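Chain A is the first sequence line, chain B the second, and so forth, proteins listed ahead of strands; every chain is numbered from 1. Quick caveat: nothing in here was measured; it's all calculated off a predicted structure.
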Amino acid sequence: MAFNYTEPTSPPRVRFAPSPTGDLHIGSARTALFNYLFARHYGGSFILRIEDTDKVRSTEKSLRNLVDGLKWLGINWDEGPGEANPTDLTSETGDHGPYLQSIRRDSHLAAADKLKSLGFAYECACPPVETAGASKCQCALKQDELGNVPEELKSLKFKIPPGPPVMVHDLIRGEVMFRRDDLQDFVIVRAGGLPTYNFVVVVDDASMEISHVIRGEDHLSNTPKQILIFEALSLTIPIFAHIPLIHGSDGTRMSKRHGAVTVEAYMNEGFLPEAFVNYLSKLGWTDGTDREIYTLKELEEAFTLSHVSSSPATFDRDKILWFNGKYVREISDDDLLDRSLPFLAEFVDPVDLNESTRAWLTGIIRMYKERLEVLGEIPSKLGYFFNDPKGYDESALRKAKVDGDAFNYLVELKKLFLESEWTTGDIETVIRDYIVKREIKLKAVVQPLRLVITGTLATPGIFDTLFYVGKEPTVRRLEYFLANYRPPG
RNA sequence: GGCCCCAUCGUCUAGCGGUCUAGGACACCGCCCUCUCAAGGCGGCAACACGGGUUCAAGUCCCGUUGGGGCUGCCA
């Protein structure tokens, strides 16, 4: 619960500043979403800035993945790299660029020089990795002895200036106090001239006129360092809001070992972006009502930081599956078919669909609306519409009660089917008339029929199912079964 | 270790001192519907971590304990 939440007094400028060092993580996606919603809610600007200062780990592939992920979620940026070619500076939008942090190097270095000349930074010749037992850095005290150390071996460190505790005014956490004695001098420019994150984030946020920094709670502890740099450089300090992290089921920060953690993975599994966004928004946020379902537009209207939780949320696959199923049921048949086509690719070529095939597929998809949680289930669940069953196992035959009587029913039904028209209604009439004539229960013929035609015990209603399987395949499958299987006993 | 954050059903949460015999959602269980599986409807199980205060009154405020998480990098 955010206790000291105050509304922005002017249109906010917020940013999502990921580093392109891997795929778009769920936690990052939610951070992006909260920033985006906040900007939209208050009519502000949402800025995408790429923090590619770690040249070793940053890749263009990750950048692409990032951009694609955001687009898929429906999160558009007002300022930032161009979508088609994010590394092409000429395609950027916005007048606070460049939005690739690595390109802003000169301004970072200029700020570093300023800090140095102002006495806030000093050179350090300590080895990069402080091994265990390494003595504390004394470079600040012996700057004049560093003259003969080669430039490329010296880093620049920010000196924590003396003073009262640093207060972080956080929209979600309240006032958080850090004593300066607990803060350590830290590198702002690496040996070799590359500035570090905690430093450039300040310079860039300031020059991009960021009003609110909404980011993960993992950044809270570094915030006082950043505030000190803002102050040293006489820059305006933005308002901070640290949102809780997303945890895996074991209570630790969500990572690969908790299963699917990237936006791309959910995309490939057949989650709908609407459902994904809806779920993400509800992880740590509420509008105070019992409402669960929101479109992106509705979220833009409802979202503020006032009801963002301060405790971490555990990612729950069951719930996101429920959200997805909900959305699958709600979108139109036509829309659902279009989105399902990629998952039907092993059965039908999506590029050349004639009208009747499309109508047929729409009918099938419609039947499965209540039965799909994710679109990725399509190949395994709908295969029988395209291919004959590969065989029948004993236990299924037993469960469906395919006994001697059932064999007789199937023989007779096959004949009746051959003479019948093939609409759902005709099929139903044939079967219902048949059970009346034989004085048997519907179930006695439906289950054997279902198993033989589809190879499974669970399908939509049998009449529709047979209709969409088609007359010819239905008869063919019956013939195959009758020719190759014998009743038990 | 030091510093910081967090703590209501298994999970996400409502709750901002009295309206809480703690509400909703997911999951789970049962019933209904029913040709199977779903979907849907109805019902059920299930929580204020612990200990001290403050107060006429505490899930709600304060302190402590415990537990969890984060930061402590020439990663971001």
Side-chain angles (χ1 to χ4, degrees), chain A residues 1-3 17-22 28 51-54 56-58 101 124 126-130 153-157 168 170 172-174 176-179 181-184 186-192 194-198 200-201 215-225 242 244-245 247 249-253 279 282-293 307 309-323 325-326 329 367-373 381 399-400 431 435 441-447 449-451 454 456-463 465:
Chain A
M1 193 51 200
F3 287 103
S19 58
T21 53
S28 300
E51 312 232 325
D52 56 349
T53 53
D54 183 345
V56 181
R57 297 196 299 146
S58 297
Q101 200 161 56
C124 169
C126 295
V129 182
E130 308 230 356
L153 292 181
K154 286 190 290 191
S155 62
L156 190 67
K157 275 186 170 170
V168 177
D170 193 285
I172 293 166
R173 313 276 143 188
V176 185
M177 185 177 89
F178 295 85
R179 294 177 195 292
D181 288 348
D182 294 325
L183 267 21
Q184 239 127 72
F186 57 97
V187 172
I188 56 175
V189 182
R190 300 172 176 97
L194 290 179
T196 62
Y197 165 78
N198 274 117
V200 293
V201 73
R215 61 187 5 171
E217 201 207 312
D218 49 339
H219 290 283
L220 181 57
S221 297
N222 284 325
T223 305
K225 296 179 188 173
H242 289 92
L245 263 22
H247 283 182
S249 46
D250 64 353
T252 64
R253 185 205 204 131
Y279 176 69
K282 295 293 290 177
L283 257 192
W285 171 80
T286 166
D287 66 1
T289 72
D290 289 339
R291 185 169 176 188
E292 297 279 339
I293 303 296
H307 279 71
S309 165
S310 45
S311 53
T314 303
F315 188 86
D316 182 7
R317 188 173 168 89
D318 280 333
K319 187 127 188 187
I320 193 174
L321 280 170
W322 175 78
F323 268 107
K326 202 90 175 154
R329 272 166 254 141
M367 290 194 296
Y368 269 89
K369 270 187 153 180
E370 289 91 35
R371 283 164 254 256
L372 290 173
E373 274 185 316
K381 284 196 168 175
K399 269 191 203 153
I431 293 176
I435 63 168
K441 292 207 162 134
L442 183 60
K443 200 170 184 167
V445 303
V446 165
Q447 279 304 77
L449 206 44
R450 171 174 280 122
L451 179 60
T454 71
T456 88
L457 262 11
T459 79
I462 192 68
F463 312 122
T465 298

With sequence neighbours left out, write down each residue that passes side chain to side chain donor-acceptor pair (under 3.5 Å) with [X], or none if nothing qualifies.
X      : result
A:R450 : A:Q447, A:T459
A:R57  : A:D54
A:K369 : A:D333

When you get a sec, tell me which of [options] is the closest nucleotide to the side chain of [X]?
X      : options                : value
A:Q447 : B:rC4, B:rC35, B:rC74  : B:rC35
A:E370 : B:rU13, B:rC74, B:rA38 : B:rA38
A:R450 : B:rC35, B:rC37, B:rU13 : B:rC35
A:S309 : B:rA39, B:rG2, B:rU13  : B:rU13
A:D182 : B:rG40, B:rC71, B:rC3  : B:rC3
A:S310 : B:rU36, B:rG40, B:rA7  : B:rA7
A:D218 : B:rC71, B:rG15, B:rC35 : B:rC71
A:N198 : B:rA76, B:rU13, B:rC75 : B:rA76
A:S311 : B:rA7, B:rC35, B:rC74  : B:rA7
A:K443 : B:rA76, B:rG69, B:rC35 : B:rC35

message: Just to verify, what does A:F178 make a ring-ring contact (aromatic ring centres under 6.0 Å, His included) with, not counting sequence neighbours?
response: none

- request: List in chain and number order the residues that pass ring-ring contact (aromatic ring centres under 6.0 Å, His included) with A:H247, two or more places apart in sequence or in another chain; answer none if no residue qualifies.
  value: none

Using a 4.0 Å heavy-atom cut-off, does [X] contact any base of the nucleic acid, only the sugar-phosphate backbone, or nothing at all?
X      : result
A:L220 : sugar-phosphate
A:T314 : sugar-phosphate
A:G284 : sugar-phosphate
A:A191 : base
A:P460 : base
A:S155 : base
A:R57  : base
A:F178 : sugar-phosphate
A:T252 : sugar-phosphate

Ignoring backbone atoms, test whether [X] places a side-chain nitrogen or oxygen under 4.0 Å from the OP1 or OP2 oxygen of [N].
X      : N      : answer
A:H247 : B:rU11 : no
A:R215 : B:rG70 : no
A:K326 : B:rG40 : yes
A:R190 : B:rA76 : yes

- request: Measure the spacing between OG1 of A:T223 and CZ of A:R215 and express it to the nearest 0.5 Å.
  value: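 Nearest 0.5 Å value for the OG1-CZ distance: 4.5 Å.
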
query: Could you run down nucleotides 20-26 of chain B 5' to 3' and tag each one B, S or - for protein heavy-atom contact under 4.0 Å?
result: ---BBBS

Whole-Å gap separating [atom2] ([N]) and [atom1] ([X]):
X      : N      : atom1 : atom2 : value
A:K225 : B:rC74 : NZ    : P     : 9 Å
A:H242 : B:rG70 : NE2   : C1'   : 11 Å
A:D250 : B:rG67 : CG    : P     : 18 Å

- request: Answer yes or no for A:K225 and A:F186: cation-pi contact, defined as NZ/CZ to six-membered ring centre under 6.0 Å and angle to ring axis within 45°.
  value: yes

Position toward the 5' end of RNA chain B (nearest nucleotide), A:G461 or A:L283: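 That would be A:L283.
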
message: Please compare A:V176 and A:F463 by the position of their nearest nucleotide in RNA chain B and report the one closer to 5'.
response: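 Checking each residue's closest nucleotide, the 5'-ward one belongs to A:V176.
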
Base B:rC37 paired with A:R371 side chain (donor-acceptor, <3.5 Å):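 Checked by distance alone, the answer is yes.
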
N/O donor-acceptor pair, side chain A:S221 with base B:rG70, under 3.5 angstrom: yes

message: Here's a test for you: under ring-ring contact (aromatic ring centres under 6.0 Å, His included), which of A:W322, A:F315, A:W285 qualifies with A:Y279?
response: A:F315

